[in-house]
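Contents: one structure, followed by commentary.
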2 protein chains.
Amino acid sequence: MLPRLLWAVEFIVACGEFVIVFLHTISREAMQAKWIYLPALSCSFRVDMVEVRVSPSLEEAHEELVRAFEARKMVVMVAECSVNYSGRTGSQLGNGERLIVLKEDGCVLVHRGRDYQPVNWQPSGCIFQSQVEKGTLVVKAIRPTPLESLTIVTENMHLLASFHLKDEAAFSLHATEEDMQRAILVQPDLIEAGLKIVDFEKKVAPGFVDIYALDREGNTVVIEIKKDPAGFPAIKQLSEYLKHLQPAPGRRLRPIIVAPSLAKGAQPVVAKMGIEFKQLGLQKAAEVLQSHASSDQKVLKGWLGS
Amino acid sequence: MLPRLLWAVEFIVACGEFVIVFLHTISREAMQAKWIYLPALSCSFRVDMVEVRVSPSLEEAHEELVRAFEARKMVVMVAECSVNYSGRTGSQLGNGERLIVLKEDGCVLVHRGRDYQPVNWQPSGCIFQSQVEKGTLVVKAIRPTPLESLTIVTENMHLLASFHLKDEAAFSLHATEEDMQRAILVQPDLIEAGLKIVDFEKKVAPGFVDIYALDREGNTVVIEIKKDPAGFPAIKQLSEYLKHLQPAPGRRLRPIIVAPSLAKGAQPVVAKMGIEFKQLGLQKAAEVLQSHASSDQKVLKGWLGS
DNA sequence: GCCTAGGTCCCGTGC
DNA sequence: GCACGGGGCCTAGGC
């Protein structure tokens, strides 16, 4: 049973640099009791760099959004909202609870409870607006080129957090198709002994030959690299290039597909068209690059060392 | 200046169904003052369906994660972490603050302060694990096929929120390339008067002809649809199909590209190859479909009406 | 499972 | 600015 005598209470909770906020009207007895029951709760506080508001009013949320936009902070919201997109095409999403992320570089993500991909979004470069309108909070993200806009109409805000992420970790490392190319460039005998690289990303037809080389006998080698199992598109692409390339007089044109494997059904076609296949995967390519990087380091150490 | 006399205080804040939590040791004077300064803060509470923990210990975070995984709740974290990915390829991301989202369907997003795309992720279908290890919180998301794993090592948790999003709004609406196809199917004279649709998504070579039709004179019409300006790839694709198609005896093969426009430089090539171009954009297609939908409704009303 | 094609794809690169 | 191709692309549809 709740006591009737009420106190207006304002808790200001400081942590490190600051801050705050816990507003409520509670009874004196509750104040002195170990357990305080409050009939409703809307509170805000900041710890470290994270400003958190739980069940803020839409006006509060709006004010915090404006501050966050000005300070170029990231914003995360859990809110009941509907979403409209208009631009290259258009979309409508009815009312429901979603996770909304606004980033400092002007991109937006609206996520539902499931799925990897956002249901609505905007790439970076948007301008954000917030306004309270007829009892709703309307957040707009407008992208200048191509001109398009995302409108989020919020009826109810469960959580709003804003903060700046300190993240200087720059290096991320992937093995990609480009690494396969680089691996072949630094170590051409991955394909075959004696191969001499002549060019890469060579423009031909409308397109680029991945690697253009000569074998020991002076034949022209045209290499198409795929990081995934190579199928008909890769074969077509390579055969297109062949039409626009000529071997040296008396020499042959040797088309080679480099990939982790051939797609199902591609093997006979490749054979029929005289295309060679050389197995190479991302992992192997990464290892080759790694070993060259370390051997380069050794060389460097040799130069610098005693 | 902080008073020295301390009280152990436990605030339990209830809202609706519940819940909670504000643990601290403060002075009696501070308790009675309007402003209470606390030297550190870690608190948790739930409002509506959102469970929020600010600066939880890693143990607390781990326990909440386990509960959330079991309850299939969405989890949002703001944390200082490093991330490793290993699978189809691999990646490493050094220590820094990120926004991490774990969804109920087993997908993961790790977002940095900038960029539309997550720096690391996992598509839906993953199994989540959480463990506290050597003073760090290790969250793993393992995807069975293809086998790959994402490992998030957290040193410091700023915010952890878990909740279930109520979102039944099912219908989302886009104008897509498929709508252009449907628009032509329901109203073939968008292309030209008298056109008779024979087939669509017709398998040919390895590929699919968007629309396959006959004109008034019995010539075979092969239509390739692009929602964006059509460039060389579209031309290539269409010309590939032509190689594998034959008109009726004495008739012609009429390749047509349907798109909002031709890409720069494509016009002469199209002309040279005898490909026709018919202008059609997403907007027009959507209007056509809309009008057909409403006319269908009218027909329906006519049947049902008085 | 594999393959094919689309996406408000996004994103980098080159012209 | 436009065009082209890659991506740990993701995702849906067929076989």
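Protein chains get the first letters and strands the later ones, always in sequence-line order, with residue 1 at the start of each. Both backbone and side-chain heavy atoms feed into the values below; hydrogens, waters and symmetry mates do not.
- The nearest whole Å value for the distance from the CD atom in B:Glu178 to the P atom in D:dA12 is 13 Å.
- Phosphate proximity of C:dC9 to A:Trp121: absent, as no side-chain N or O sits under 4.0 Å from OP1 or OP2.
- The side-chain heavy atoms of A:Phe200 and A:Tyr212, taken from C-beta on, include no pair separated by under 4.5 Å.
- Contact of the B:His111 side chain with the A:Val101 side chain is not registered, since no non-hydrogen atoms from C-beta on lie closer than 4.5 Å.
- Atom CD in B:Gln267 sits roughly 17 Å away from atom C1' in D:dC2 (whole-Å rounding).
- B:Arg112 places a side-chain heavy atom less than 4.5 Å from the side chain of B:Leu93.
- The residue A:Pro123 sits close only to the backbone: its heavy atoms come under 4.0 Å of sugar-phosphate atoms, none of a base.
- Relative to the ring axis of B:Phe208, B:Lys203 places its NZ or CZ within 45° and under 6.0 Å from the centre.
- Heavy atoms of B:Lys236 sit nowhere under 4.0 angstrom from any nucleic acid atom.
- Among the heavy atoms of the strands lying under 4.0 Å from B:Gly207 are primed sugar atoms or P, OP1, OP2 only; no base atom is included.
- Applying the 4.0 Å criterion to OP1 and OP2 of D:dT11, one finds that A:Arg114 has every side-chain N and O outside that range.
- Counting distance only, with no hydrogens placed and no angle test, the side-chain atoms of B:Glu148 and the base atoms of D:dG8 include a donor-acceptor pair under 3.5 Å.
- What separates CG of B:Asp210 from P of C:dT4 is a distance of 16 Å, to the nearest Å.
- As rounded to whole Å, 16 Å separates atom C1' of C:dA5 from atom CD of A:Gln237.
- In this structure, B:Phe208 does not count as stacked on the base of C:dA5 under the 5.5 Å centre distance and 30° plane angle limits.
- Contacts of B:Thr145 with the nucleic acid, taken as non-hydrogen atoms under 4.0 Å apart, involve only primed sugar atoms and P, OP1 or OP2.
- Nearest nucleotide to the side chain of B:Glu177, out of D:dA3, C:dC3, C:dG6: C:dG6.
- Along DNA chain D, the nucleotide closest to A:Asp115 and the one closest to B:Pro233 are compared, and the more 5′ of them pairs with B:Pro233.
- Considering only side-chain N and O atoms, A:Lys203 lies nowhere under 4.0 angstrom from the phosphate OP1 or OP2 of C:dG14.
- Remark: B:Tyr241 is in phosphate contact with C:dA5, judged by side-chain N or O atoms under 4.0 Å from OP1 or OP2.
- Nucleotides C:dA5 and C:dC9, compared at atom C1', are 13 Å apart to the nearest Å.
- For the pair B:Tyr116 OH and C:dC9 P, the interatomic distance rounds to 11 Å; values are reported in whole Å.
- Comparing D:dC4 with D:dG8, their P atoms are spaced 23 Å from each other, to the whole Å.
- Look at the C1' atom in both C:dG7 and C:dC11: the space between them is 14 Å, to the nearest Å.
- Nucleotide D:dG8 forms a pair with no other nucleotide shown, judged by Watson-Crick or G-U wobble geometry with both contacts under 3.5 Å.
- Look at A:Tyr85 and the base of C:dT8; the rings stack, centres closer than 5.5 Å and planes less than 30° apart.
- Donor-acceptor pairing under 3.5 Å, judged by distance alone, is absent between the side chain of A:Gln117 and the base of C:dG7.
- Between the B:Tyr85 side chain and the B:Ser149 main chain, no donor and acceptor come within less than 3.5 Å of each other.
- As a whole-Å value, the separation of B:Gln181 CD from C:dG7 P is 11 Å.
- Straight-line distance from the CZ atom of A:Phe232 to the P atom of C:dC2: 16 Å, rounded to whole Å.
- Of the N and O atoms on the side chains of A:Asn120 and A:Ser91, at least one donor lies less than 3.5 Å from an acceptor on the other residue.
- Heavy atoms of B:Gly231 sit under 4.0 angstrom from primed sugar atoms or phosphate atoms, though from no base atom.
- One N or O donor and one acceptor, one from the side chain of A:Asn120 and one from the base of C:dT8, sit under 3.5 Å apart.
- Relative to the side chain of B:Thr176, the nucleotides D:dC2, C:dG7, D:dG8 differ in distance, and C:dG7 lies closest.
- Dashed line: the shortest gap from a side-chain N or O of A:Arg88 to OP1 or OP2 of C:dG7 is not under 4.0 Å.
- At whole-Å resolution of the value, CD1 in B:Ile225 and P in C:dA5 are 14 Å apart.
- Counting non-hydrogen atoms under 4.0 angstrom, B:Gln122 reaches a base of the nucleic acid.
- The only member of B:Val222, B:Val209, B:Thr220 that meets side chain to side chain contact (heavy atoms under 4.5 Å, CB included) when paired with B:Leu242 is B:Val222.
- With DNA chain C read from its 5' end, the first of the two nearest nucleotides for B:Lys226 and A:Arg143 is the one closest to B:Lys226.
- The residue among B:Ala175 and A:Lys264 whose nearest nucleotide of DNA chain C lies closer to the 5′ end is A:Lys264.
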